[in-house]
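Remarks on the structure that follows.
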Amino acid sequence: MGAEVVLVRHAESIPPRPGASAESVRPLSDGGLAQAADW
């Protein structure tokens, strides 16, 4: 019996705003883009 493991590294997104998009669709901040590029 096998198992699948999924690892996700989270990068910093822009701060939430009232009435804005959900967490899962917010774009990355400049710092988050740098974090993602370092991966």
Side-chain angles (χ1 to χ4, degrees):
M1 174 182 267
E4 181 177 339
V5 176
V6 178
L7 301 177
V8 177
R9 182 173 187 263
H10 185 272
E12 179 184 275
S13 59
I14 63 170
R17 293 183 305 217
S21 299
E23 173 73 25
S24 62
V25 296
R26 282 192 320 201
L28 297 178
S29 66
D30 290 341
L33 290 170
Q35 289 172 339
D38 287 343
W39 178 249

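Heavy-atom basis, side chains included; hydrogens, waters and symmetry copies ignored.
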Shortest non-hydrogen pair, L28 vs A36, comes out as CD1-CB, 4.3 Å

Please check if the side chain of R26 supplies one atom and the backbone of S13 the other of a donor-acceptor pair under 3.5 Å. no

Could you check whether any side-chain N or O of E12 sits under 3.5 Å from a backbone N or O of Q35, counting only pairs where one atom can act as donor and the other as acceptor? no

If the condition is side chain to side chain contact (heavy atoms under 4.5 Å, CB included), which residues does V5 pass it with, not counting sequence neighbours? L7

